[in-house]
Amino acid sequence: MHLLNKKIYIIDDNRAVCDSLKFLFYSVLNIDVETYDTSTGFLDKFSSKWEGCLIVDYAMPALNGVELIKKLQERNNTMGIIVISGNSTPAMIKNAFTAGAQSFITKPFKIDDFLAQVRHILGNNVPEAS
Amino acid sequence: MTTSTLFNIQPRSLQEQHIENKALQEQLAHIDYLFHATRDAIAVLDSNLFLRRMNSSFKDLFYKIFGIEIQLDMNLSASLESFSSEKNNLVLACKQALDTQQCIAVINENGQLHQNNYYCSEILISPTYDAKYEHELILGIRDLTTVKLLEHERYKQQVNLAHAYKDSVKRELTSAIAHELNQPLTAIMAYARACVMKWHALSQQSDLSHILEQILLQAEHADKLIQSVRKIVKKEDLYYEPFDLELLIEECILILGYILEDYIVNIKINSPSNLMIIADRTQILQVLLNLCRNRIEAFKFSFKANPKLMISVEMEDKMVVVHIKDNGPGIPEDLQNLLFNSYCSSKPQGMGIGLVICFSIIQQHHGSIQLHASSKEGTWFTFSLPIDGHRACTF
């Protein structure tokens with residue numbers, strides 16, 4: 001699978017987080033990034049044919065990150081999912097993994113660790129840096 | 001017409017007089033019986049404070065308070081010689097009462113509420129008013145020890161509750177500040193890292209690279225500070241204990257009495273009796289208080305007629321479900337989705353932290369809380385808890 005077909009989708013109600021991560025991925029991974037500030041906005045557009053990596057904030061109004069993941073799994077999502085969260089408890093982490101997330105990272109995260117996890121999900125053909 | 005006919009005076013026979021005397025004696029005996037049998041402690045003193053009559057309750061209570069076996073014809077003032085402050089208090093009240101004023105003397109031990117040796121009694125001293133007789137005083141002692149101890153216990157509970165609430169607010173605020181600071185910090189770190197990488201990719205050597213690294217380092221340092229503050233105020237473990245949920249709801253309404261004094265709301269509780277659950281009693285009381293107080297205060301700002309609040313409890317599987325419904329003004333639509341994880345409030349002075357605390361407490365109990373419905377017709381909140389304190393929900 002070529003990287004060109006893959007995208008990173010960021011769903012976070014904090015605009016600054018979305019924009020900064022988009023800038024980071026553009027700069028470092030040279031990959032297309034789409035950002036959404038609501039779960040419902042993302043669900044409206046979602047297609048099970050999409051490939052890449054999902055980065056989902058845990059606490060969001062209306063539909064939180066875990067509820068969103070459950071809905072995506074019902075719709076046959078094949079993308080790997082990283083949950084990012086401003087705080088964490090064992091129950092939150094368990095919730096996220098049980099719903100189908102591959103990783104759970106607490107904000108603010110070590111950017112290099114975060115990038116490593118995104119790379120892992122996208123596959124081995126991701127460039128080290130642009 | 002004779003005088004006797006005019007006034008209808010008829011000489012009574014000796015037998016009639018005897019019957020009347022007997023009836024009078026029976027009535028007096030009856031009064032005497034009541035005087036001795038009543039659980040109220042009653043005694044009669046003459047104007048020199050000598051004890052003329054008393055019942056056994058008075059004798060017992062007097063002994064309980066002063067440790068003195070009081071007898072008829074004893075002088076009250078003399079018998080209390082070794083209790084100077086109580087004696088002064090009581091004798092002064094008696095003297096005031098002799099001036100035809102009803103007086104109350106309160107006797108309590110140093111005013112200290114210690115469960116083992118505390119006592120509190122109220123002595124009501126009433127003068128007799130009949131001018132024909134020498135003044136007499138009627139003393140009635142009421143033992144208020146249990147009442148006062150209960151009052152004190154309730155006060156202590158409320159103080160504990162206030163402390164617990166303050167702690168929750170502190171924890172939630174700290175957590176909220178940490179959470180909000182984490183967002184910009186994440187953005188700063190992502191931007192800075194991207195810039196460092198871009199700069200390196202351009203193979204540029206200048207101070208800018210060092211400055212960007214510094215931005216990143218400082219942001220990481222700020223993150224560590226936030227984490228350490230979080231650790232200090234981390235949530236305490238729950239104190240699980242079995243308790244009757246219906247009684248807890250009644251206690252909640254009792255505590256909210258101060259609001260209901262100003263604003264009358266018709267409150268109905270519908271719960272199975274003797275429903276024992278295992279949870280942190282103080283924390284669940286906090287949830288009930290927050291939810292009910294919010295609903296009652298919402299009425300205040302709406303001026304709605306015939307305000308009603310209904311609290312009902314149901315069992316579902318191994319969960320206990322509490323419904324809180326009202327016919328108040330409802331919660332504004334734009335706030336409904338944000339209630340439990342944002343600091344929003346529809347009250348003019350509201351901080352919006354109450355429901356966040358409720359959410360946090362119920363989540364810690366492995367339960368769930370939600371706003372079922374809210375419109376102009378009213379609001380319906382529901383929360384559920386595992387009845388035995390164990391995790392019954394599945395992830």
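Sequence lines set the chain letters: A, B, ... in the order given, protein chains first and strands last, and positions in each chain run from 1.
- With contacts defined as side-chain heavy-atom distances shorter than 4.5 Å, the pair B:L185/A:K107 does not qualify.
- Side-chain N or O atoms of A:N14 include none that pairs as donor or acceptor with a backbone N or O of B:Q183 at under 3.5 Å.
- The line from CD1 of A:I84 to OG1 of B:T186 is 7.0 Å long, rounded to the nearest 0.5 Å.
- Partners of A:E34 by side-chain hydrogen bond (donor to acceptor under 3.5 Å, both in side chains), not counting sequence neighbours, listed by chain and number: A:K7, A:Y36.
- Heavy atoms closer than 4.5 Å to chain B are found in both the backbone and the side chain of A:D19.
- When every heavy atom of B:A194 is checked against every heavy atom of A:V28, the shortest pair comes out as CA-CG2, 4.5 Å.
- Taking OG of A:S27 as the reference point, atom CZ of B:R193 lies at 12.0 Å (rounded to 0.5 Å).
- The shortest distance between side-chain heavy atoms of A:K110 and B:D223 does not fall below 4.5 Å.
- In this structure, A:L115 and B:M197 have side chains that are in contact, with non-hydrogen atoms separated by less than 4.5 Å.
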> Please walk me through it: do B:K198 and A:F23 pass side-chain contact (heavy atoms from CB on, under 4.5 Å)?
Replying inline: CA-CA 11 Å; B:K198 271 184 159 292; A:F23 180 70; 4.2 Å; yes
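- Heavy-atom minimum distance, A:P108 versus B:M189: CB-SD, 3.6 Å.
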>> Working note: A:L24 + B:Y191, criterion side-chain contact (heavy atoms from CB on, under 4.5 Å); need CA distance, chi angles, decisive distance, verdict.
In response: CA-CA 6 Å; A:L24 177 76; B:Y191 279 128; over 6 Å; no
